[in-house]
Amino acid sequence: MRLDVVTIFPEYLEPLNVSLVGKARARGQLDVNVHDLREWTYDRHNTVDDTPYGGGPGMVMKTDPWGAALDDVLAEGYEDGAHGPVLVVPTPSGRPFTQELAVELSERPWLVFTPARYEGIDRRVMDEYATRMPVYEVSIGDYVLAGGEAAVLVVTEAVARLLPGVLGNAESHRDDSFAPGAMANLLEGPIYTKPPQWRGHGIPDVLLSGHHGKIARWRRDEALRRTTRNRPDLIERCDPGAFDKKDREMLSILGWRPGPDGRFGRDPEAVEE
Ligand code: 6GU
C-alpha cells in the first residue's frame with residue numbers, strides 16, 4: 001500500500017517511522033511519502049491560509065497550494081477506479097472513523113491524506129478531487145484537535161495492522177473488538193500475565209484451571225460486564241440473536257433486560273453491579 005501525507009508539519013508524522021508502521025515500511029509493505037505543503041507556495045511568505053469569506057473567526061487553507069500539491073502527488077501514478085487513489089481528509093466534521101472504514105481503506109492500494117490546520121480547507125479542494133477519486137472526510141472522535149495530523153497517525157495505524165503480513169502472528173482480525181460483521185461487538189475484558197501475585201493482587205482462579213470452556217465463558221462474562229459499563233450503546237445496538245442463554249443470564253445479573261423488540265436495555269429498576 002502507498003500512503004502520501006501533505007501537511008505543513010511534516011515532522012508531526014515522524015511516528016510513522018516507529019513500531020508497527022515503521023516496520024511495515026522497512027519491510028516494503030508500506031510506501032509512505034510525507035510532503036511539505038509549503039513547497040507548493042510561490043509567494044515570499046509561503047502563505048497557505050487566508051480569511052474566510054462571509055467573515056468569522058480563524059483562517060481557511062487556500063485552494064492553490066493544495067491543488068498544486070495534490071496534482072503533483074497524484075501525477076505519480078493516478079489511475080481511475082479500484083486501483084486508483086482515495087483522498088482521506090481528516091476533519092471533526094467528517095464521518096466517524098470506525099473499524100469498518102479501516103477495513104475498507106485497507107483494501108485500497110493508495111491513500112492520500114490532507115491533514116489541515118486552522119479552520120480547515122477551502123471546500124472547493126474536496127469538490128474538485130471528488131470528481132476524480134473517492135473522498136473520505138473522517139473524524140476520529142467527538143472532540144476537536146488543533147489539526148488533522150494526529151488523526152492521520154490514528155487512521156494509518158488502524159489500517160496498517162490490517163494489511164496482509166503486517167501483524168506478526170497470522171491470527172485473523174475477525175475477533176478484534178469492532179470487527180465488522182461480528183455477531184456482537186463487545187469490549188475485551190481484563191487480561192493478566194505472570195507473576196501470579198503482585199502487590200497483594202492475585203489473578204482469577206479460573207484462568208489457572210486449564211478448563212478452556214470455563215475460561216471462554218469467564219472471558220465472555222467479563223466482556224459483557226465491561227461493555228455494559230463502558231459502552232452501553234454497543235449492547236443496545238446488538239442483534240439479540242447474538243446473545244446465548246449464558247449471555248442472557250449474565251446480562252440479567254448486570255441489570256439488563258430484553259425490551260418489546262427483543263433488544264437489550266438497562267432495567268431502570270436495577271442497581272448498578
Ligand atoms: Cl480528523 N481533525 C481535527 N482537527 N479534529 C478532530 C478530528 C480530526 N477528529 C476528531 N477531532
Side-chain angles (χ1 to χ4, degrees), residues 1-16 18-21 30 32-38 40-41 47-63 65-67 69-70 73-74 85-108 110-130 133-163 176-178 180 185 187 230-231 233-234:
M1 170 180 277
R2 171 172 176 170
L3 304 179
D4 286 82
V5 187
V6 183
T7 170
I8 59 169
F9 290 121
E11 63 277 24
Y12 207 119
L13 284 302
E14 278 296 308
L16 296 177
V18 179
S19 189
L20 175 121
V21 175
L30 261 187
V32 180
N33 308 276
V34 178
H35 313 271
D36 186 346
L37 179 67
R38 291 197 202 273
W40 288 275
T41 55
T47 309
V48 294
D49 62 332
D50 205 339
T51 54
Y53 276 122
M59 298 292 273
V60 179
M61 295 191 94
K62 293 164 65 64
T63 49
W66 283 110
L70 291 173
V73 167
L74 294 171
V86 303
L87 195 62
V88 182
V89 182
T91 164
S93 1
R95 64 195 258 202
F97 181 64
T98 59
Q99 189 66 20
E100 187 176 10
L101 188 48
V103 169
E104 190 176 325
L105 293 177
S106 76
E107 290 164 355
R108 303 288 312 209
W110 189 5
L111 310 180
V112 180
F113 292 93
T114 57
R117 291 271 144 177
Y118 315 108
E119 299 300 308
I121 304 173
D122 187 308
R123 183 74 236 161
R124 293 170 292 180
V125 173
M126 282 66 80
D127 293 345
E128 163 67 11
Y129 290 93
M133 68 187 84
V135 175
Y136 293 79
E137 290 183 86
V138 298
S139 162
I140 61 164
D142 293 343
Y143 40 77
V144 179
L145 304 171
E149 284 78 7
V152 172
L153 298 176
V154 167
V155 171
T156 299
E157 188 157 319
V159 168
R161 65 183 284 284
L162 296 174
L163 299 176
D176 286 349
S177 290
F178 313 115
N185 289 136
L187 304 181
N230 293 345
R231 291 295 304 278
D233 58 304
L234 294 180

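Each ligand, and each atom within it, is numbered from 1 in the order the structure gives.
- The shortest contact between atom 4 (N) of ligand 1 and any protein heavy atom is with Leu145 O, 3.2 Å.
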Applying salt bridge (Lys or Arg N to Asp or Glu O under 4.0 Å) to Glu137 and Arg123, what does each step give before you reach the verdict?
CA-CA 11 Å; Glu137 290 183 86; Arg123 183 74 236 161; 3.0 Å; yes

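- Contact detail for Pro52 and Pro57: the closest heavy-atom pair is CG-O, 4.2 Å.
- Set against the non-hydrogen atoms of Val138, the atoms of ligand 1 under 4.0 Å away are 1 (Cl).
- Considering all non-hydrogen atoms of both residues, Leu163 and Ser106 come closest at CD2-O, 3.6 Å.
- Those atoms of ligand 1 that come under 4.0 Å of a heavy atom in Ile140, given as number and element, are 9 (N), 10 (C).
- Contacts of Asp142 with ligand 1, taken as heavy-atom pairs under 4.0 Å, are absent altogether.
- A 4.5 Å side-chain heavy-atom check between Lys62 and Thr41 finds every atom pair outside the cut-off.
- In terms of protein heavy atoms, atom 2 (N) of ligand 1 is closest to Pro92 CD, 3.6 Å.
- In this structure the side chain of Pro65 never reaches within 4.5 angstrom of the side chain of Arg38, judged on heavy atoms.
- For ligand 1, the atoms lying closer than 4.0 Å to a non-hydrogen atom of Pro90 are 1 (Cl).
- Looking only at heavy atoms of the protein, atom 10 (C) of ligand 1 is closest to Gly141 O, 3.1 Å.
- More than 12 heavy-atom neighbours from other residues, nucleotides or ligands sit within 6.0 angstrom of CZ on Phe178.
- Backbone and side-chain nitrogen or oxygen atoms of Gly148 are examined, and none is located within less than 3.5 angstrom of a nitrogen or oxygen of ligand 1.
- When side chains are defined from C-beta on, Leu74 counts as touching Met133, because their heavy atoms get closer than 4.5 Å.
- Of the protein's non-hydrogen atoms, Tyr143 O, 2.5 Å is the one closest to atom 11 (N) of ligand 1.
- The Ala151 neighbourhood of ligand 1 comprises atoms 1 (Cl), with distances under 4.0 Å to a heavy atom of that residue.
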